[in-house]
Amino acid sequence: MPELPEVEVVRAGLAPAVTGARIAAVEVFDRRALRRHDQLSVDFESGLTGARVLAAVRRGKFLWMPLADADAHADANVNADAEGERNGRALVAHLGMSGQVLLRTPGHPGPGVPGEHLRVRLHVEHPDHGELVVDFDDQRTFGGMAIDRMLPTPDGERAGFSAGVDGAWARSIPSQVAHIARDPLDPAFDDAAFARALARKKSEIKRVLLDQTVASGIGNIYADESLWRVRMHPQQPASSLSRKRVDELLTAVRAVLEQALAEGGTSFDEQYVNVNGASGYFAHSLNAYGRDGEPCPRCGTTMVRESFMNRSSHRCPRCQRIRAGVKTRAA
DNA sequence: AGAAACGCCTGCCAGC
DNA sequence: TGCTGGCAGGCGTTTC
């Protein structure tokens with residue numbers, strides 16, 4: 001289940017292979033993988049062929065590759081509006097539930113390999129690394145790719161994380177990612193604005209953590225882990241939290257995301273792998289997620305699983321209780 | 001307008 | 001054994 005750490009592992013693996021590379025050819029084996037693509041603006045295959053990849057950027061769970069056209073001066077075929085023309089285009093990817101990006105050598109077998117669900121294949125030519133195949137594999141097709149136009153970021157800050165690689169594209173964001181909030185690891189993430197957003201929400205805190213328009217990158221696994229770490233009940237009303245508790249929660253979220261990132265992400269079975277097909281190790285570090293029936297690593301109480309938002313919450317019934325009146329303690 | 005419910009999709013597994 | 005239903009779950013869309 002790719003959340004921020006898993007997507008970042010993919011981005012970091014993809015970046016050196018594609019930055020500066022030219023897309024020589026595109027194969028789409030299942031057009032459902034283009035679900036988010038605006039088919040009217042530009043054909044996916046012809047829109048990518050010949051383009052040069054400028055970087056690999058991530059915000060939350062969204063990944064994109066800003067593009068430079070093969071010949072920027074003779075770009076008469078692209079029927080983009082002036083705004084899109086000025087800010088450029090990007091190849092946007094979302095892994096959904098089961099998406100994988102895999103780097104392969106030319107000649108790698110195509111669709112039909114048992115256990116694989118190859119949807120899109122890019123043939124790229126890198127000035128240093130030569131020819132390379134970038135495969136988008138997605139069992140459940142909750143993920144997808146699209147060509148999207150870029151918009152300037154409203155705050156003028158960098159749109160997402162690209163490991164220091166810079167360019168004119170850095171302060172533009174694909175239109176379909178524009179409504180997604182910055183993630184808690186983003187230097188431009190606004191802690192005070194996050195606290196204000198929570199103060200306005202009567203919803204349960206876990207629901208708010210999963211709302212990508214409030215803070216992005218957090219999914220079910222890291223929400224449960226963060227709430228366990230900060231001893232917070234997933235159904236604690238967001239507006240009941242003091243600023244102090246919000247800050248503690250943000251600290252916990254960042255610690256969990258960073259630790260997972262350091263361990264290569266969370267892998268169950270073969271559902272999540274890096275660009276080389278290898279699994280991450282964070283599944284061994286989980287304290288709450290999937291541990292129902294086992295003792296809480298902190299207090300020994302048997303952990304429980306509860307149905308929540310059509311999914312599961314895992315918590316310690318002793319450490320994580322709903323508390324009333326915490327709002328009054330701190331400003 | 002904000003929140004909740006729904007639909008998308010496939011593989012796996014418990015239960016009958 | 002073979003079927004069915006439930007579960008996994010992020011995000012866009014629809015409904016309330």
Side-chain angles (χ1 to χ4, degrees), chain A residues 1-8 10 29-39 58-64 92-101 111-120 136-146 148 173-184 196-227 234-235 237-240 253 257 260 265-273 283 286 288-293 304-314:
Chain A
M1 290 111 230
E3 303 179 29
L4 186 153
E6 292 76 31
V7 180
E8 175 54 26
V10 169
F29 304 113
D30 190 337
R31 300 201 78 80
R32 290 178 303 172
L34 309 183
R35 199 170 344 119
R36 294 178 168 88
H37 180 66
D38 180 4
Q39 308 268 359
R58 179 194 54 74
R59 172 185 289 201
K61 307 171 194 172
F62 277 86
L63 183 64
W64 68 90
V92 182
H94 196 290
L95 302 181
M97 282 298 301
S98 54
Q100 304 177 349
V101 176
V113 177
E116 290 194 358
H117 305 82
L118 187 54
R119 310 298 188 193
V120 179
F136 181 74
D137 185 289
D138 188 10
Q139 176 194 100
R140 290 178 231 179
T141 53
F142 271 37
M145 294 180 129
D148 197 7
I173 189 163
S175 71
Q176 63 183 263
V177 191
H179 69 290
I180 298 294
R182 292 183 178 278
D183 60 67
R196 286 195 298 274
L198 264 54
R200 285 194 300 267
K201 299 222 175 241
K202 290 176 178 139
S203 303
E204 301 145 344
I205 184 59
K206 181 169 175 183
R207 186 182 291 275
V208 179
L209 280 180
L210 294 175
D211 183 345
Q212 303 296 299
T213 67
V214 176
S216 65
I218 305 163
N220 204 40
I221 296 173
Y222 298 114
D224 279 4
E225 290 300 308
S226 302
L227 290 167
Q235 290 174 285
S239 59
S240 74
V253 167
L257 293 177
T266 303
S267 299
F268 303 116
D269 307 325
E270 303 299 314
Q271 283 303 337
Y272 159 73
V273 294
L286 294 173
Y289 186 86
R291 290 184 49 96
D292 47 299
V304 297
R305 185 176 77 158
E306 292 162 338
S307 186
F308 175 81
M309 287 174 71
N310 262 339
R311 67 198 67 190
S312 293
S313 281
H314 310 77

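A, B, ... follow the sequence lines: proteins, then strands. Residue 1 opens every chain.
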Partner of N220(A) under side chain to side chain donor-acceptor pair (under 3.5 Å), chosen from E225(A), H314(A), K206(A): K206(A)
Tell me whether the side-chain N/O atoms of [X] come closer than 4.0 Å to OP1 or OP2 in [N].
| X | N | value |
| --- | --- | --- |
| R32(A) | dC8(B) | no |
| R119(A) | dT10(B) | no |
| S312(A) | dA8(C) | yes |
| K61(A) | dC11(C) | yes |
| H117(A) | dC9(B) | no |
| R305(A) | dA8(C) | yes |
| S203(A) | dA4(B) | yes |
| Q139(A) | dG11(B) | no |

Heavy-atom donor-acceptor pair, R140(A) side-chain to dA8(C) base, under 3.5 Å: yes
Touch class at under 4.0 angstrom, heavy-atom based, for K201(A) against every strand present: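 Here K201(A) touches the backbone only, sparing every base.
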Any donor-acceptor pair under 3.5 Å from D183(A) side chain to G217(A) backbone: no
